[in-house]
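Okay, so here's the structure we're looking at.
Bear in mind that the values here come from a model prediction, so they are computed numbers and not experimental data. Numbered from 1 within each chain, the chains take letters A, B, ... in sequence-line order.
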Amino acid sequence: MTIENAQKDIIDNFLFFDDWTQKYEYIIELSKDLESMNKELKSEDNLIKGCQSKVWLHAELVDGKINFLADSEAIITKGIISILLNIFNNRTPNEILSSNMDFIEKIGLKEHLSPNRANGLSSMYKQIKFYAIAFSKT
Amino acid sequence: MNLSFDVDSIRQDFPILSKKIHNKPLVYFDNAATSQTPVCVIDCIKDYYEKYNSNIHRGVHSLSDEATNAYENARNKIKDHFNINESKEVIFTSGTTHSINIVSNGFSKILKREDEIIVSGLEHHSNIVPWQMMIKNNEAKLRVIPLKDNGELDMDEFKNILSNKTKIVFLNHVSNALGIINPIEEIIDISHKNGAIVLIDGAQSAAHFKIDLQKLDVDFFTASAHKLCGPTGVGFLYGKEELLSRLDPLMGGGEMISDVTFSKTTYADLPSKFEAGTPNISGVIAFGKAIDYLNEIGLDNIEQYEKSLLEYANSKLKEIDGLKIYGDTKNKTSLISFNIDGIHSYDIGSILDKFGIAVRTGQHCAQPIMDHFGIDGTVRASFSFINTIEEIDHFYESLIKVKSMLS
Ligand SMILES: Cc1ncc(COP(=O)(O)O)c(C=O)c1O
């Protein structure tokens with residue numbers, strides 16, 4: 001599935017819900033799907049700046065694809081990370097670099113996530129792209 | 001409940017309170033970050049720009065006269081409200097941060113290597129950084145008053161670190177992270193006996209009770225208008241005349257000089273020496289209006305009403321299983337800093353926002369306090385006289401829902 005299609009799927013899933021409580025409950029559900037992250041990987045180096053709650057993101061290149069591991073102390077953030085990784089995990093650097101992220105507006109989360117928190121999200125996306133740039137050079 | 005206090009009619013003074021957040025009435029519990037603005041203060045700013053906008057202290061024309069009078073009148077209001085001896089001891093600044101920088105910069109050349117500055121362990125970041133910058137220049141030492149387990153300052157330890165090397169003692173009157181009222185009377189007294197001067201940050205205290213600066217005999221004191229129902233970007237620094245006269249200004253520019261040649265500049269007298277450039281004229285005038293507004297309600301009434309809000313909120317929140325309050329001491333302003341077991345403060349704040357409730361989450365620019373409690377942050381609900389018992393009930397019920405969603 002392409003990055004674009006993965007985002008479409010997520011948007012479709014969120015269309016089922018008509019109020020924010022359900023959307024949030026779904027996000028909280030998704031947080032539980034996140035693969036757990038080793039304590040050693042929750043290092044200062046992997047910490048993303050610009051998020052209100054601590055967020056760690058680690059990446060490795062395996063067979064030309066980027067493997068991401070991420071975690072947060074806040075469950076809502078964790079749910080959002082889970083969505084992000086659903087979209088961007090196991091992609092080649094080029095796929096990531098040529099992608100756009102537009103699902104946030106389309107699932108009606110932007111109006112609910114304050115700029116502060118949305119900034120956290122864009123910091124995460126930026127970091128994902130940084131990794132893609134770094135790996136595309138190796 | 002205090003019957004002379006009509007919160008419903010007071011709320012009518014605040015246009016923002018009719019706002020809806022996610023289709024719910026706004027419940028504003030972030031008063032410690034910035035207070036809301038009554039319509040009389042908003043009108044005052046509008047009035048200035050519509051009727052007498054012009055530069056002060058410079059023109060011979062009538063408009064400039066009018067603006068200058070209003071500006072100086074605001075200075076007198078601050079002087080009267082805080083019982084300051086002379087209006088020239090009131091310096092208008094852009095806020096508490098600016099005021100602190102005036103003092104730390106002013107003492108930068110006066111302090112020497114062997115000198116010491118004491119700050120409290122309850123400080124906002126903005127209260128630590130200016131001194132760290134200052135001691136880079138003069139190599140003086142920064143010492144910290146540690147906290148007791150409950151978050152209060154350890155006064156025994158304070159007496160231990162205070163010595164004849166101590167030149168400046170600096171702390172907030174009320175902690176922004178916990179709401180604890182510090183025993184500044186005692187601290188000022190002991191510091192003076194040791195020959196140290198004292199600067200008090202009143203950013204979190206001035207809105208909640210009456211403060212008499214001459215009675216306190218404090219050397220410097222500062223507060224920000226935006227926490228006192230006034231506009232953002234304005235505040236004042238009080239300093240005893242003799243001390244202010246000794247300090248070099250932080251900024252050079254127009255207004256603050258009396259004589260300029262290319263070889264030498266003579267500084268103007270107080271307060272102009274510290275007010276370089278065109279100040280926030282409308283802001284200062286509106287700050288004066290905000291002080292009038294608070295006095296119309298009466299700070300004693302405000303104090304009493306907020307106390308009842310705090311007591312009620314305390315008892316409600318303590319009913320919630322797993323909720324822990326930090327800095328739950330006797331002497332507090334109407335602010336509750338808390339966590340719920342197993343739930344991150346960010347998650348609580350995000351969901352509360354959906355219920356229309358504005359709280360602050362995180363470290364509150366006070367990481368050392370969070371480290372003291374071994375936590376990452378808290379949820380901070382700060383109440384003011386515009387809040388109601390019904391809002392606290394809604395808060396309580398929302399927290400119960402948050403808990404069931406998140407655990
Ligand atoms: C105790 C304390 N000191 C200083 C400040 C900084 O005030 P300002 O941003 O108005 O300069 C604040 C504001 O949050 C505060 O709470």
| said: Tell me whether the count of non-hydrogen atoms from other residues, nucleotides or ligands lying under 6.0 Å of NZ in A:Lys129 goes above 12. | reply: yes
Within a reach of under 6.0 Å around NZ of B:Lys316, are more than 12 heavy atoms found that belong to other residues, nucleotides or ligands? yes
NZ (A:Lys78) and NE2 (B:His344) are apart, to the nearest 0.5 Å, by 11.5 Å
Please check if the number of heavy atoms outside A:Asn38 that lie under 6.0 Å from its CG is greater than 12. yes
In this structure, NZ of B:Lys354 is separated from OH of A:Tyr24 (nearest 0.5 Å) by 3.0 Å
Is any side-chain heavy atom of B:Ile351 less than 4.5 Å from a side-chain heavy atom of A:Trp20? yes
Nearest heavy-atom contact between A:Ile76 and B:Ser350 is CD1-CB, 3.7 Å
Taken to the nearest 0.5 Å, the spacing of B:Leu406 CG from A:Glu25 CD works out to 9.5 Å
Applying a strict 4.5 Å limit to non-hydrogen atoms, the region of A:Ile28 in contact with chain B is side chain
Neighbour count above 12 (heavy atom, 6.0 Å) for B:Asp149 CG: no
Atom CD of residue position A:Gln22 - does it have more than 12 heavy atoms of other residues, nucleotides or ligands inside 6.0 Å? yes
Check: Is it true that atom CG of A:Asp19 has more than 12 heavy atoms of other residues, nucleotides or ligands lying nearer than 6.0 Å?
Finding: yes
So, the part of A:Ser31 with a heavy atom under 4.5 Å from chain B: the answer is neither
